[in-house]
Amino acid sequence: MPLYRTAGCGTLRRSDAGCTAVLSGWVQRRRDHGGLIFIDLRDRSGLVQLVFDSSADSALFARAEKLRSEYVIKVEGEVVERTPANVNPALETGEIEVQVTAMELLNPSRTPLFYIEDNLNVDENLRLQYRYLDLRRPEMYRRLAFRHRATKLVRDYLDAHGFLEIETPMLTRSTPEGARDYLVPSRVHPGSFYALPQSPQLFKQLLMVSGVERYFQIARCFRDEDLRADRQPEFTQIDLEASFFGMENLFALMEGLMALLWREVKGIALQTPFPRMPYHEAMERFGSDKPDLRFGMELLDCTDLARECEFKIFRGAAEEGGVVKAIRVPGGGRMSRKEIDELAVLAAGWGAKGLAWMIREDGGWRSPIAKFFSEALLERLGQRLQAESGDLVLFAADQREQACRILGQLRLHLAPRDLPDQPRFLWVTDFPLLEYDPEEQRYVAQHHPFTAPREEDIPLLDSDPLAVRAQCYDLVLNGVELGSGSNRIHQRDLQMKIFELLGLSEAECQDKFGFLLEAFQYGAPPHGGIALGLDRLVALLTGDESIRQVIPFPKTAGAACLMTGAPAPVAPQQLKELSIALDDKVKDKASGELPAE
RNA sequence: GGAGCUGUGGUGUAGACGGUUAACAUGUCGGCCUGUCACGCCGGAGCUCGCGGGUUCAAGUCCCGUCAGCUCCGCCA
């Protein structure tokens, strides 16, 4: 068996001087000086400089002249200390170099399409098409290693807390509610389909009925919805569920996990417990159910003052059950009229009917709407807003939720540029159990249909369903929803009642969820759990904007893999086996794209 | 489903008021060079401007369409 290496390239140090080393790796760069060639050899541990001297071995030297970028070689040589003048402080191995005595070319390489180095500025298209080269770059390797380390910490932590890692099926059944499913046709049952799991939700609940008590899984999940920088059609969740384990237990468990991750991978000591905020407070103060607490600019209610002014839009909103809310943008008075108009366009995109503004100046207000306010009212407004000279104040007058949402968006848009690089965790609690979907003209679960309502709100299920609060919570970090969890329903009758509220008939309940409803009749323990987005979590830890950076083989915004070409048409025979016929509209296109056989 | 941005040698960019041979850097190939480390010097090759159509005497440049990538809205229990 050949010996490929005695050390990693990047691990050699001055203390290794005098030793013989065998190294294997990729040619990063060749510097040919005529009678002397330097090669930077790279493996995943780093770079080391190899030296080929023509006066030492002319045959070996001649072979070194043929080396090119990304050739894979194995070398043997002596680790020697560099003379002080030749030390390269920019390189971790810069105090030594390897005088090569033997070299084997393991595999040549075509000229790489882009540089295998960090801080690459190249089209993401190309990176994705040649992802294996992209991943060869040290910063990408570091991301993979980082993700591995974080995942391992999660596994060890949950193991230490008595959680069992258990796999659940990837081929399962489509259920109503939630995201669009990825479907997999069944050959054995023509016309029937599996669905890839949106989450292992039902299985983990059934594991609780099984008496597992504590389950977790690093679970791949699938949702056939449009992509974003932080959304891929397949993604990974840290999924867990526990029985006889209240919300306080779960909060403490997750806080411990976050503290561990930040300590181990970032060296940051998190303060626990994390603050908590009811959903309604988050909406009122930040216009968001996942507020970024790294800066202020909170929403302020001015409805009472608006009622006294002469501005019809404000008064109308106030008198017709709506609100007038405001945010103060410190120093925003410097904005030009054009910039403010652009804000109004943005706000309109978020559903605002208009965007009123005022600029505080020494001794007064500059604003198109100031004339509708009396001096005294302006004075009270200034106090309410704590406005200082040079501040810009933006108003939204609308129904409560709409006004809050619009200002919440504006708040994020106008957030200070240099936000502190500090994690601000938050539990958002007391979400409403249900929302009304005007399109479908029915209630939909705000979280999912298995979330338990708060005990004291159960009577409201009949009288005022929208007022029912859920035993549900989101973990939010710096404006990003990291995950959400809940205590689940574990009683058949209550589960049935919720399904009915969601518009499912009894027959549908039996058909789609009969197994769950039945399971609840065999001594289902109270249970609950949470799922955290691992991709988002890792991206936050690495400081990446897009989760594509921490996923080795991600899809594009068009849900395609540029490397493999997935998705792709399949042979007619494959479709026939599955009893699938293509629509005429797509038929020609699909067969046209089929590779020649 | 909608909106915006981007697409020019292998790679990253310039060219955009329409007008000779599409420029620069880097890479690549050849030559020279024994201390470089983004090595240096000399020389060469390489793009028809994402694709299709249109306007024009003339299109990388203007117009329409289309494809791909990115970002956002809708969507994502």
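All chains are named by letter (A, B, ...) in the order of the sequence lines, taking the proteins before the strands, and each is independently numbered beginning at 1.
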Mind checking who [N] pairs with, Watson-Crick or G-U wobble, both distances under 3.5 Å?
N: B/G46; value: none
N: B/G7; value: B/C67
N: B/C62; value: B/G54
N: B/U13; value: B/A23

Calculate the interatomic distance between [X] atom [atom1] and [N] atom [atom2]; express it in whole Å.
X: A/Q28; N: B/G27; atom1: CD; atom2: C1'; result: 14 Å
X: A/N125; N: B/G12; atom1: CG; atom2: C1'; result: 15 Å
X: A/R405; N: B/C73; atom1: CZ; atom2: C1'; result: 14 Å
X: A/F61; N: B/G35; atom1: CZ; atom2: P; result: 12 Å
X: A/D181; N: B/C75; atom1: CG; atom2: C1'; result: 14 Å
X: A/E177; N: B/C76; atom1: CD; atom2: C1'; result: 14 Å
X: A/I406; N: B/C73; atom1: CD1; atom2: P; result: 14 Å
X: A/N119; N: B/G12; atom1: CG; atom2: C1'; result: 14 Å

Can you give me the N/O atom pairs linking the protein to nucleotides 7-11 of chain B at distances under 3.5 Å, or say none if there are none?
from	atom 1	to	atom 2	distance (Å)
B/U11	O4'	A/L113	O	3.3

Once salt bridge (charged side-chain N to carboxylate O under 4.0 Å, His left out) is applied, do any residues pair with A/D53, and if so which ones, sequence neighbours excluded?
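For A/D53, no residue satisfies salt bridge (charged side-chain N to carboxylate O under 4.0 Å, His left out) once neighbours in sequence are set aside.
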
Pairwise N/O distances under 3.5 Å, protein to nucleotides 46-51 of chain B:
none

With sequence neighbours left out, write down each residue that passes side chain to side chain contact (heavy atoms under 4.5 Å, CB included) with A/Q409, or none if nothing qualifies.
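A/W350.
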
Counting the atoms with a prime plus P, OP1 and OP2 as sugar-phosphate, which does [X] contact under 4.0 Å by heavy atoms, base, sugar-phosphate, or nothing?
X: A/R548; result: sugar-phosphate
X: A/S55; result: base
X: A/S199; result: base

Using the six-membered ring wherever Trp is involved, compare the ring planes of [X] and [Y] and label them parallel, tilted or perpendicular (cut-offs 30° and 60°).
X: A/Y132; Y: A/Y130; value: perpendicular
X: A/H527; Y: A/F520; value: tilted
X: A/Y436; Y: A/Y443; value: perpendicular

If the [atom1] atom of [N] is compared with that of [M], how far apart are they to the nearest Å?
N: B/G46; M: B/A38; atom1: P; answer: 31 Å
N: B/G30; M: B/U36; atom1: P; answer: 25 Å
N: B/A45; M: B/G7; atom1: P; answer: 28 Å
N: B/C5; M: B/A22; atom1: P; answer: 29 Å
N: B/G9; M: B/G44; atom1: C1'; answer: 15 Å
N: B/U21; M: B/C49; atom1: P; answer: 15 Å
N: B/C37; M: B/G27; atom1: P; answer: 13 Å
N: B/G4; M: B/U48; atom1: C1'; answer: 29 Å

Could you tell me whether A/R131 and A/D134 have a side-chain N and a carboxylate O separated by less than 4.0 Å?
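Salt bridge: yes.
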
Side-chain ion pair, A/E225 and A/R223, N-O less than 4.0 Å:
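So A/E225 does not pair with A/R223 through a salt bridge.
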
Output yes when a side-chain donor or acceptor of A/R82 lies under 3.5 Å from a complementary backbone atom of A/V87, and no otherwise.
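No; judged by distance alone, with no hydrogens or angles, the pair does not exist.
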
Where each residue is assigned the nucleotide of RNA chain B containing its nearest heavy atom, which of A/Q198 and A/L562 is assigned the position nearer the 5′ end?
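Per heavy-atom nearest nucleotide, the more 5' residue is A/L562.
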
Residue list, side-chain hydrogen bond (donor to acceptor under 3.5 Å, both in side chains) with [X], at least two apart or on another chain:
X: A/K555; result: A/E234
X: A/T168; result: A/Q217
X: A/E124; result: A/R548

Looking only at N and O atoms, is any donor in the side chain of A/E97 or the base of B/G35 less than 3.5 Å from an acceptor on the other one?
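In this structure, the two groups form a donor-acceptor pair.
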
Can you check whether A/S54 has a side-chain N or O nearer than 4.0 Å to OP1 or OP2 of B/U34?
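No, because none of the side-chain N or O atoms of A/S54 sits under 4.0 Å from OP1 or OP2 of B/U34.
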
Would you give the length of the straight line joining atom CD of A/Q549 to atom CD1 of A/I547, rounded to the nearest 0.5 angstrom?
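Separation between the atoms: 11.0 Å.
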
Tabulate protein N/O versus nucleotide N/O from nucleotides 37-41 of chain B, keeping only pairs under 3.5 Å, one per line.
from	atom 1	to	atom 2	distance (Å)
B/C37	O4'	A/R31	NE	3.1
B/C37	O2	A/Q49	OE1	3.2
B/C37	O2	A/N88	ND2	3.2
B/C37	N3	A/R82	NH1	2.7
B/C37	N4	A/R82	NH1	3.3
B/C37	N4	A/N86	O	2.4
B/C39	OP2	A/R29	NE	3.3
B/C39	OP2	A/R31	NH1	3.0
B/C39	N4	A/D32	O	2.2

Closest contact, heavy atoms only, A/A445 versus A/L502
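Shortest heavy-atom contact: N-CD2, 3.5 Å.
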
A/H413: partners by ring-ring contact (aromatic ring centres under 6.0 Å, His included), with sequence neighbours left out:
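For A/H413 there are no ring-ring contact (aromatic ring centres under 6.0 Å, His included) partners, ignoring immediate neighbours.
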
Show the atom names and distances, to 0.1 Å, of all donor-acceptor pairs under 3.5 Å that link a side chain in residues 59-67 of chain A to residues at least two apart or in another chain.
from	atom 1	to	atom 2	distance (Å)
A/R63	NH1	A/M103	O	3.0
A/R63	NH2	A/M103	O	2.9

Residues from residues 221-237 of chain A lying under 4.0 Å of RNA chain B - heavy atoms
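Those residues are A/R223, A/E225, A/D226, A/R228, A/A229, A/R231.
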
Side-chain donor/acceptor pairs under 3.5 Å, residues 108-118 of chain A, sequence neighbours excluded:
from	atom 1	to	atom 2	distance (Å)
A/E117	OE1	A/R29	NH2	3.4
A/D118	OD1	A/E139	N	2.8
A/D118	OD2	A/R142	NH2	3.0

